[in-house]
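Small disclaimer: the values here were computed from a predicted structure and weren't measured. When reading the values below, keep in mind they use all heavy atoms of this one structure, side chains included, and skip hydrogens, waters and symmetry mates.
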Amino acid sequence: MSENQAVAQHFDDEERAFVAQVLDWLTQASQDYQLVLTHFLNPRERHIVSIIVGDRTDIQVRSYGIFDRAEKKRLVIAPEFFEVGRQDFEELLLQIRFAKKFINLRHKDLLGALLAAGVNRSVIGDIVVDQDLGLAQLAVEKSHQIFLTQTVDQIGKAKVHFEQVADSKALVPAVDEEERFVLIPSLRLDAVIAACFGISRTQVSEMISRGFVSVNWVKNDDASRLMHRQDVVSVRKYGRIRLQSLAGQSKRDKIKAVFQIIRR
């Protein structure tokens with residue numbers, strides 16, 4: 001078994017291609033002495049990088065996503081002796097102003113317009129919309145600024161114009177977050193979602209079959225999949241669930257679990 005295969009076997013099948021990519025990045029940084037700049041990565045992908053890097057001291061990993069508590073960030077992976085600065089992340093903040101009295105601009109509207117124009121999702125970081133201020137902002141890779149601003153000039157019926165603004169003007173994303181102690185019969189995906197959001201398992205099963213549920217940012221169609229600590233489950237129109245900790249079983253053999261529930 002090769003070293004790559006030995007590392008990959010500790011991850012889910014759908015993650016193994018990314019694991020191979022991470023190993024290649026580490027080789028470029030440690031053996032070829034290159035600075036590697038990734039696309040925007042989600043928290044699960046960044047966690048995989050940190051696991052694989054482990055306690056190595058010959059390389060450094062830095063992240064940046066412009067927004068406070070950004071979900072998507074670019075990574076710089078470089079030899080330990082490199083000096084890494086803000087400019088190495090090659091990302092910038094674009095902003096749209098819209099007439100809030102007449103336009104209700106949603107996150108999915110902006111993202112949909114970008115994807116429809118041919119913009120790859122991996123070159124876009126977080127998108128934050130503040131309806132009260134009539135502002136929408138997104139982090140984007142610097143190399144795609146011209147294409148994006150020249151291609152996307154309309155979202156729905158609204159004409160839009162992107163302008164670059166300083167990182168210091170980044171909006172603060174509104175997050176509705178709570179920790180909840182839950183007693184559940186099992187760690188099956190459908191059971192967890194039903195308990196955390198107070199809906200029936202029949203409804204959950206239907207949502208899963210319709211592709212409305214993702215685990216660690218990958219669509220999941222298996223209602224019986226077991227959740228593991230720090231797994232993140234996204235449920236369309238409801239929010240996200242992260243398994244924080246387990247605390248044994250109750251007298252009636254229910255699993256005691258603490259979940260972080262996030263609604264945006």
ask   = Under 4.5 Å between any side-chain heavy atoms of Phe89 and Arg62, yes or no?
value = yes
key: Separation between CG of Asp190 and OG of Ser200, rounded to the nearest 0.5 Å   = 10.5 Å
ask   = When clusters are formed by joining ILVMFWY residues with side-chain heavy atoms under 4.5 Å apart, either directly or through shared neighbours, do Phe181 and Ile184 land in the same one?
value = no
inquiry  = Taking Phe162's backbone N and O only, do any of them form a donor-acceptor pair with Gln95's side chain (distance below 3.5 Å, no angle check)?
reply    = no
message = Please say yes or no: joined through hydrophobic side-chain contacts below 4.5 Å, possibly via intermediate residues, are Leu114 and Val140 part of one cluster?
response = yes
request  = Go through the steps for Val235 and Met207 under the test side chain to side chain contact (heavy atoms under 4.5 Å, CB included), then give the verdict.
outcome  = CA-CA 8 Å; Val235 184; Met207 288 190 293; 4.0 Å; yes
query = Is there side-chain contact between Val53 and Leu26, with at least one heavy-atom pair below 4.5 Å?
reply = yes
ask   = Going only through I, L, V, M, F, W and Y residues with side-chain contacts under 4.5 Å, is there a path from Phe40 to Val49?
value = no
task = Take Arg56 and Glu80, measure what salt bridge (charged side-chain N to carboxylate O under 4.0 Å, His left out) needs, and give me the verdict at the end.
result = CA-CA 10 Å; Arg56 291 182 59 167; Glu80 185 276 332; over 6 Å; no
ask   = Less than 4.0 Å between a side-chain N and a carboxylate O, is that true for Arg44 and Glu15?
value = yes
message = Within the 3.5 Å criterion, strictly below it, is a donor on Gln230 or His47 matched to an acceptor on the partner's side chain?
response = no
query = Do Gln249 and Lys256 touch side chain to side chain, with heavy atoms closer than 4.5 Å?
reply = no
inquiry  = Is the shortest side-chain heavy-atom distance between Val160 and Phe98 below 4.5 Å?
reply    = no
key: Backbone N/O of Ala29 and side chain of Asp32: donor-acceptor pair under 3.5 Å   = no
inquiry  = Taking the side chain as everything from C-beta on, heavy atoms only, tell me whether Glu91 gets closer than 4.5 Å to Tyr64.
reply    = yes
ask   = Near Phe147 CZ, under 6.0 Å, is it more than 12 heavy atoms from other residues, nucleotides or ligands?
value = yes
task = Using the rule that two of Ile, Leu, Val, Met, Phe, Trp, Tyr join whenever any of their side-chain heavy atoms come within less than 4.5 Å, decide whether Leu189 and Trp217 are in one cluster.
result = no
query = Between Glu179 and Gln260, do the side chains contain an N or O donor and an N or O acceptor separated by less than 3.5 Å?
reply = no
message = I need the His144 NE2 to Thr151 OG1 distance, nearest 0.5 Å.
response = 10.0 Å
key: Ser63 side chain to Arg74 backbone, donor-acceptor under 3.5 Å   = no
request  = With the side chain counted from C-beta on, respond yes when Arg201 and Pro185 share a heavy-atom pair under 4.5 Å apart, and no when they do not.
outcome  = yes
message = Are Arg121 and Leu115 packed together at the side-chain level, in the sense that at least one heavy-atom pair is separated by less than 4.5 angstrom?
response = yes
inquiry  = Hydrophobic clusters here meaning ILVMFWY residues chained together by side-chain heavy-atom distances under 4.5 Å, can you tell me if Met227 and Val232 are in one?
reply    = no
message = What's the separation between atom CZ in Phe82 and atom CD in Gln34, rounded to the nearest 0.5 Å?
response = 8.5 Å
Carboxylate-amine/guanidinium contact Asp167 Arg86, below 4.0 Å = yes
inquiry  = Under a 3.5 Å distance rule, please check whether Arg225 uses its side chain to pair with a backbone N or O of Asn220 as donor and acceptor.
reply    = no
ask   = Do Val36 and Gln28 have side chains that get closer than 4.5 Å, going by heavy atoms?
value = yes
query = Any donor-acceptor pair under 3.5 Å linking the side chain of Thr149 with the backbone of Ile146?
reply = yes
ask   = Applying the side chain to side chain contact (heavy atoms under 4.5 Å, CB included) test to Phe67, which of Leu93, Leu138, Ile127 qualifies?
value = Leu93
inquiry  = Parallel, tilted or perpendicular: which one describes the rings of Phe18 and Trp25, with boundaries at 30° and 60°?
reply    = perpendicular
